[in-house]
There are 2 protein chains.
Amino acid sequence: MALAEAILVCLTDRPMSGYDLAKTFDASIGFFWRASHQQVYRELARLRDRGLVDSTEIEQRGKPNRILHTITKSGEEAVYQWSLKPCKMPSIKDELMVKFYALENVDIPALREQLGVRIDQHRAKLSAYFRIKERFYDGKSLNVAQKGKLIALTMGISNEKELTITLENALVMLQDVEET
Amino acid sequence: MALAEAILVCLTDRPMSGYDLAKTFDASIGFFWRASHQQVYRELARLRDRGLVDSTEIEQRGKPNRILHTITKSGEEAVYQWSLKPCKMPSIKDELMVKFYALENVDIPALREQLGVRIDQHRAKLSAYFRIKERFYDGKSLNVAQKGKLIALTMGISNEKELTITLENALVMLQDVEET
DNA sequence: CTTTGCTATGCAACTATGTGCATACTGTTG
DNA sequence: CAACAGTATGCACATAGTTGCATAGCAAAG
């Protein structure tokens, strides 16, 4: 399970609470690995049991207390060991594509609508990527950690760009089908 | 759960056994929705319970008997109703990207190796798509069902092409990091 | 002064997916 | 003739992920 490793990776940057991590999985690392807050809290408990993170409660006034999680030496070792193992192909599960595959049994105006929504989602993601790139990486001298994040970001950008174009083309192809 | 719908979609084409379906989920529709044979058999049992497929055992000599599944009227209706509902964004879970994100804590030669493997996988998929396109779709007059499959295939092709290029660029960017 | 939203953590139940195994017969290859 | 690959179905267990809920206090907006 790579959720454990994704959490550990986030904690190499700085100690975080479950809440911080959940937000991180909704943005930055969440671009490559999505997880809900429930998943994060559950996995943190396991990591604590396995001794890969240290958890300390921090008193706060006016807000609920936070539990700050710090990666341990064995946590860092676990990340390194994981990095040596081959990685799985991301599993493909795309309803939109299945609907195209089933075009004859599908409501085409509804599909057109859903395709439009999907295009907007990719465009939104693309502009989010750009904002991050401009803000944190453009015209700055970078260390290895930052260079890695920039490579991931760059891959994300070109992927989203291409997906947008591909889906726009599909919209045109769909129009051809409707005209017959 | 869209596995049910993906199976029903396959059965709109022709009645199939679980074994046939499992193979289909390893190729054609499997390009957009992966499922193992166990998942397929389990889901078929549920579809049978819900009256969305009819299952009949066929006697065979020299081979185990097959159970042939045929989509029912309510099965077809279920596909149509599903087509009206908005579809989820495919969930993103890509270990390779997480490893780039964690570049400082990762073994870079191992990552380079894994990146090479991934590039080969995309190239293999691309040529599989091309073979199918040439064999079944090029220079033929197509009905709506076939046009839909061709659109899906065309999207698959441009996506795999772009992914290959993106990952090759990442290989170059990784080299830059290693040289410093 | 009530509603909404943010910070902060987590349980319980459910659905989905993956891994390993079991069975059983046939045809082909070495 | 033994070993392996292919056809065909399926159970049991384990891991992963989703949905809904519960708590609880503060700040800001209407």
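Quantities reported herein were computed from a predicted structural model and do not represent experimental measurements. Letters go in sequence order (proteins before strands), and every chain restarts at 1. Values reported hereafter were calculated over all heavy atoms of this structure, with side chains retained and with hydrogens, waters and symmetry mates removed.
Take Gln81(A) and apply the side-chain hydrogen bond (donor to acceptor under 3.5 Å, both in side chains) test, not counting sequence neighbours, and it matches Glu77(A). Residues satisfying the salt bridge (Lys or Arg N to Asp or Glu O under 4.0 Å) test with Asp26(A), not counting sequence neighbours, are Arg34(A).
With rounding to the nearest 0.5 angstrom, the CD1 atom of Ile157(B) is 11.0 Å from the OG1 atom of Thr166(A). In this structure, the separation between CZ on Phe100(A) and NZ on Lys149(B) is 13.0 Å, given to the nearest 0.5 Å. To the nearest 0.5 angstrom, Ser141(A) atom OG is 7.5 Å from Gln146(A) atom CD.
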**OP:** Check the pair Lys88(A), Glu95(B) against side-chain contact (heavy atoms from CB on, under 4.5 Å), reporting the backbone distance first and the verdict last.
**Re:** CA-CA 7 Å; Lys88(A) 287 181 200 157; Glu95(B) 279 191 80; 4.0 Å; yes
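Atom pair Arg66(B):CZ and dG10(D):P shows a separation of 13 Å (rounding to whole Å applied). Across the protein-nucleic acid pair, Gln60(B) atom CD and dG6(D) atom C1' stand 13 Å apart, rounded to whole Å. Spacing between atom CD1 of Ile7(A) and atom C1' of dA16(D) amounts to 13 Å, rounded to whole angstrom units. Taking atom CG of residue Leu44(A) and atom P of nucleotide dG10(C), one finds them 8 Å apart after rounding to whole Å. Taking atom CD on Glu59(A) and atom C1' on dA8(C), their separation rounds to 14 Å, with Å as the unit. The nearest whole Å value for the distance from the CD1 atom in Ile67(A) to the P atom in dT9(C) is 6 Å.
Residue pairs meeting the side-chain hydrogen bond (donor to acceptor under 3.5 Å, both in side chains) criterion with at least one partner in residues 42-52 of chain B, sequence neighbours excluded, are Glu43(B)-Arg46(B).
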N/O-N/O pairs, protein side and nucleotides 15-22 of chain C side, under 3.5 Å:
unit_1  : atom_1 : unit_2   : atom_2 : d
dA16(C) : OP1    : Met1(B)  : N      : 3.4
dA16(C) : OP2    : Arg46(B) : NH1    : 3.3
dT17(C) : OP1    : Lys93(A) : NZ     : 3.3
dT17(C) : OP2    : Gln39(B) : NE2    : 3.0
dT17(C) : O5'    : Gln39(B) : NE2    : 3.3
dT17(C) : O4     : Arg42(B) : NH1    : 3.4
dG18(C) : OP2    : Gln39(B) : OE1    : 3.2
dG18(C) : O6     : Arg42(B) : NH1    : 2.9
dG18(C) : O6     : Arg42(B) : NH2    : 3.4
dG20(C) : O6     : Gln38(B) : NE2    : 3.1

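At dT9(C), one or more side-chain N or O atoms of Tyr41(A) fall inside 4.0 Å of OP1 or OP2 (strictly under the cut-off).
Of the possible polar contacts, one joining the Lys99(A) side chain to the Trp82(B) backbone as a donor-acceptor pair under 3.5 Å is found.
No continuous path of hydrophobic side-chain contacts links Leu163(B) to Leu111(B) [ILVMFWY only; heavy atoms under 4.5 Å]. Criterion: ILVMFWY side-chain heavy atoms under 4.5 Å apart, direct or through other members. Under it, Leu8(B) and Val144(B) are part of a common hydrophobic cluster.
Axis angle across the helix from dC1(C)-dG30(D) to dG30(C)-dC1(D), with five pairs used at each end and values rounded to 10°: 30°.
Each of Val40(B), Ile71(B), Ile67(B), Thr24(B) was checked for a side-chain contact (heavy atoms from CB on, under 4.5 Å) with Met16(B), and the lone residue meeting it is Thr24(B).
Using a 4.0 Å cutoff on non-hydrogen atoms, the parts of residues 8-28 of chain A near DNA chain C are Ser17(A), Gly18(A), Tyr19(A), ordered by number.
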